[in-house]
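Lettering of chains follows the sequences in order, A, B, ..., and the numbering in each one begins at 1.
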Amino acid sequence: MSEGSAKAPQKDPGKGTAKPRKFQAIKGTRDILPPDTALWNRVEQTAHEVFATYGFGEIRLPIFEETDLFARSIGFDTDVVSKEMYTFIDRPVEIPKPHNLNDLPRFLLEVEHALKNNEIPNTTRNRKTVEVLERTFSELETLSAQVKAGNINEAFDRQYRELLFQCSYLAAYVELGIEVTLRPEATASVCRAYIEHGMYTLPQPVKLYCLGPMFRRERPQKGRYRQFYQIDAEVLGGPDAPAVDAELIEMLMVYFRKLGLEGARLDINSIGCQNCRPKYVELLREALRKVKDKLGLDSQRRIETNPLRVFDSKLQTEQGVIAKLPHITDHLCADCAQNYADVKRELALRNIAFQQNWRLVRGLDYYMRTTFEIIAPGLGAQNAVCGGGRYDGLVELLGGPPTKGIGFAIGEDRLILSLQESGKPKVERGIDVFIAWMGEPAYQTAVRAARTLRDAGFSVELPGTPQKFSKALGQADKLGARYALILGEDEVASGQWTLKTLADGSQAKCTESALLEYLRKL
RNA sequence: GUGGGCGUAGCUCAGCUGGUAGAGCAUCGGACUGUGGCUCCGAACGCCGUGGGUUCAAAUCCCAUCGCCCACCCCA
């Protein structure tokens, strides 16, 4: 259902007879309705159960954090940070930006005051900005004094303009409120919490999982939404033994198996460490330059910006060239090569089938060694249902102690999509008993019966208004109820209630006290 | 940000070359004032995404715009 005028109501919506405009979920967000929610619950419940058996505890995190947290962990220069995050200033203090030179002293005064009273963020950025702004401004004043004294020439003029420009730039750079971002991923927040709560003093490693919505301001497509859901698990601290990597992957596979996900494929790779990867990247870049003319424009651009991304290319024409590129696993340092071999051995020990995928590389700098991904069928172009890897440097990067780390994130939307596509529509538990009643005395009995049955765990539907039995039974049928409890004058008078089995139409009489026993046996 | 496809009832769609809306399903009511599924009858449901243009006349043709879907880019 579309409503084109939603964003531009023609007539004043609040007044008169004009039809109120229809609202619509924001682009990239959606409602998840019953019966789908039953599947969502099963997916989440199974995660709770399986992850608990591996010693993971649930962590619940804020939906938004300081922008810097994500910028630092994901990388300031990535597309994600520069244009795909939901970022906003949280309640900026009202200090009008200066319009002209005469306005600048007023602005400076107010900002200093606000900074002193913690009304605007007391960040390095703000302190530095104000400091430089003050200096620049005083230079500007000196200069204009000279200009007034008649010392006008071209050099002065240029310098004056430059300073003026700097001032206005600096003024705009002052943050009048904390910049916050709706979380685009969970890992950074988990690490922040690990540090903030001193979890490095707990027995290591600390195993945490978390689930909930994430936000990315991208154009939606199949299996990719602006508000999407992830199930995320992280192992922080402890050794970086290959067994840790393998056990995490084992847990993942057990989880998917319990959910009945079919046709899932595990890909693994090692992307080395700070020692061996940069060397490989250069090697790759060299190799790519040699075949540049055989590549498409996108891949040509990537040669300089991020050569590893060439592996992601889906262009048919490039596949032949890409297949001949050097593999990172042939250029690992001795330690990394040993580690990769050990991880594979540990996986084999656990009977986990995997496929080595030398094209599987993660985009972030802090990722190292083991990376893995799970591809599921029925998902269109976005076919990865889970991605993960080792990130030993991240906690330290965020101001914590040197800490090993590895984790994964499952795309819950895609997982559910794939479960739905692979058929197996799991049956939702419908209602057990529909109470068809007629007459005021029967109603009292019906209310009591509903309460008793619900207390015993049955799902009961009790109509709030009188209905003819034909209608009530029709309703019961449409709702898929298993039984109809019929309460009319006869039943109330005799104390013998009528229980009808909808499937075959059979009916039986029983007393109120015998009802529960009777239902349990059926 | 770029490209392609699509917007008609709650849902799935018909409505060809212009003559100002239809079906099926679903909903509600009745046939059926103590018995559902079947059948029959009836009702409600639409500014044909929105704005403009062409025309005596636009769901239909043209332009614009918005929205949805899919793909690209990117992918934590």
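- Looking at heavy-atom distances under 4.0 Å, A:A503 makes contact with a base.
- Of all nucleotides listed (B:G1, B:C68, B:C73), B:G1 comes nearest to the side chain of A:R219.
- Of the nucleotides present, B:A43 is the one that pairs with B:U27 by Watson-Crick or G-U wobble criteria, both distances under 3.5 Å.
- In this model, a side-chain donor or acceptor of A:K500 finds a partner on the base of B:U35 within 3.5 Å.
- Contact check on A:R192 versus A:E66 returns no salt bridge, with no Lys/Arg side-chain nitrogen under 4.0 Å from an Asp/Glu carboxylate oxygen.
- Ion pair A:R390/A:D240 not flagged as a salt bridge, since none of the NZ, NE, NH1 or NH2 atoms sits closer than 4.0 Å to an Asp/Glu carboxylate oxygen.
- Atom NZ in A:K509 sits roughly 11 Å away from atom C1' in B:U35 (whole-Å rounding).
- A distance of about 25 Å separates the P atoms of B:U39 and B:G34, rounded to the whole Å.
- Separating the CD atom of A:Q382 from the C1' atom of B:C74 is a distance of 9 Å, rounded to the nearest angstrom.
- Checked against B:A31, B:G36, B:C74, the side chain of A:E84 finds its nearest nucleotide in B:C74.
- B:C69 atom C1' lies 10 Å from atom NZ of A:K27, rounded to whole Å.
- Taking the nucleotide of RNA chain B with the nearest heavy atom to each of A:K478 and A:Q507, the more 5' of the two is matched to A:K478.
- Following rounding to the nearest Å, A:Q475 (CD) and B:U35 (P) show an atom-to-atom distance of 17 Å.
- Rounded to whole Å, atom P of B:U35 lies 14 Å from atom CD of A:E489.
- A donor N or O paired with an acceptor N or O is found under 3.5 Å between the base of B:G36 and the side-chain atoms of A:D477.
- To the nearest angstrom, C1' of B:C28 lies 12 Å from CD of A:Q467.
- Base-pair partner of B:G34: not found among the strands shown (Watson-Crick or G-U wobble, both distances under 3.5 Å).
- Across every strand in view, B:C75 sits unpaired, with no contact that passes the Watson-Crick or G-U test at under 3.5 angstrom.
- Look at the P atom in both B:C25 and B:G19: the space between them is 28 Å, to the nearest Å.
- Of all the residues in residues 221-230 of chain A, A:Q221, A:K222, A:R224 reach under 4.0 Å from RNA chain B with at least one non-hydrogen atom.
- B:U17 is unpaired under the criterion used here, namely a Watson-Crick or G-U wobble arrangement in which both key atom distances are under 3.5 Å.
- In this structure, of B:U35, B:C72, B:C74, it is B:U35 that holds the atom nearest to the side chain of A:I486.
- B:U55 and B:G15 are spaced 28 Å apart, taking the P atom of each and rounding to whole Å.
- Under a cutoff of 6.0 Å and an axis angle of 45°, A:R226 and A:F215 do not form a cation-pi pair.
- Taking the six-membered ring for Trp and thresholds of 30 and 60 degrees, A:F372 and A:F408 have ring planes more than 60 degrees apart, a perpendicular arrangement.
- Among B:C28, B:U35, B:C68, the nucleotide with an atom closest to any side-chain atom of A:K471 is B:C28.
- Note on A:G387: nothing from the nucleic acid sits closer than 4.0 angstrom, heavy atoms only.
- Between A:W40 and A:Y229, the ring planes lie perpendicular to each other; the angle is over 60°, past the 30° to 60° tilted range.
- Among the atoms of the strands shown, base atoms are found under 4.0 Å from some heavy atom of A:D490.
- Pairing for B:C61 is with B:G53, a Watson-Crick or G-U wobble pair whose two hydrogen-bonding atom distances lie under 3.5 Å.
- Of the listed nucleotides (B:G34, B:C73, B:G36), B:C73 has the atom at the smallest distance from the side chain of A:R301.
- Ring-plane geometry between A:H327 and A:W358 is classed as parallel, the angle between the planes falling under 30 degrees on a 0 to 90 degree scale with a further cut at 60.
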Please output the side-chain donor-acceptor pairs of residues 514-522 of chain A that fall under 3.5 Å, not counting sequence neighbours, one pair per line with the distance.
none

With side-chain contact (heavy atoms from CB on, under 4.5 Å) as the criterion, how do A:M438 and A:Y443 come out once you've worked through the C-alpha distance, each side chain's angles and the decisive distance to 0.1 Å? CA-CA 7 Å; A:M438 264 175 86; A:Y443 182 59; over 6 Å; no
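- The C1' atoms of B:C48 and B:U8 are separated by 4 Å, rounded to the nearest whole Å.
- B:C68 is paired with B:G5 under the criterion used here, namely a Watson-Crick or G-U wobble arrangement in which both key atom distances are under 3.5 Å.
- Closest contact between the side chain of A:M438 and the listed nucleotides B:U2, B:G34, B:C72 involves B:G34.
- Separating the C1' atom of B:G51 from that of B:A44 is a span of 30 Å, rounded to the nearest Å.
- Here A:G488 lies in heavy-atom contact (under 4.0 Å) with a base.
- If you measure from atom CG of A:L360 to atom P of B:C75, you get 13 Å, rounded to the nearest angstrom.
- As rounded to the nearest Å, B:C6 and B:G49 have C1' atoms that lie 12 Å from one another.
- Separation of the P atoms belonging to B:C62 and B:U17 is 10 Å when rounded to the nearest angstrom.
- Annotation: side-chain contact (heavy atoms from CB on, under 4.5 Å) contacts of A:Q444 (sequence neighbours excluded): none.
- Ion pairing between a basic and an acidic side chain is recognised when a charged N comes within 4.0 Å of a carboxylate O; A:E58 and A:R60 show such pairing.
- A:L315 places its CG atom 14 Å from the C1' atom of B:G3, with the value rounded to the nearest Å.
- Out of B:C74, B:A71, B:C75, the shortest distance to the side chain of A:R309 is found at B:C75.
- Of the two residues near RNA chain B, A:A381 and A:E373, the one whose nearest nucleotide lies more 5' is A:A381.
- Taking only distance into account, the side chain of A:E491 meets the base of B:G34 through a donor-acceptor pair shorter than 3.5 Å.
- Aromatic rings of A:Y483 and A:F434 (six-membered ring for Trp) have centroids beyond the 6.0 Å cut-off, not under it.
- Comparing the P positions of B:G3 and B:U65 gives an interatomic distance of 12 Å, to the nearest angstrom.
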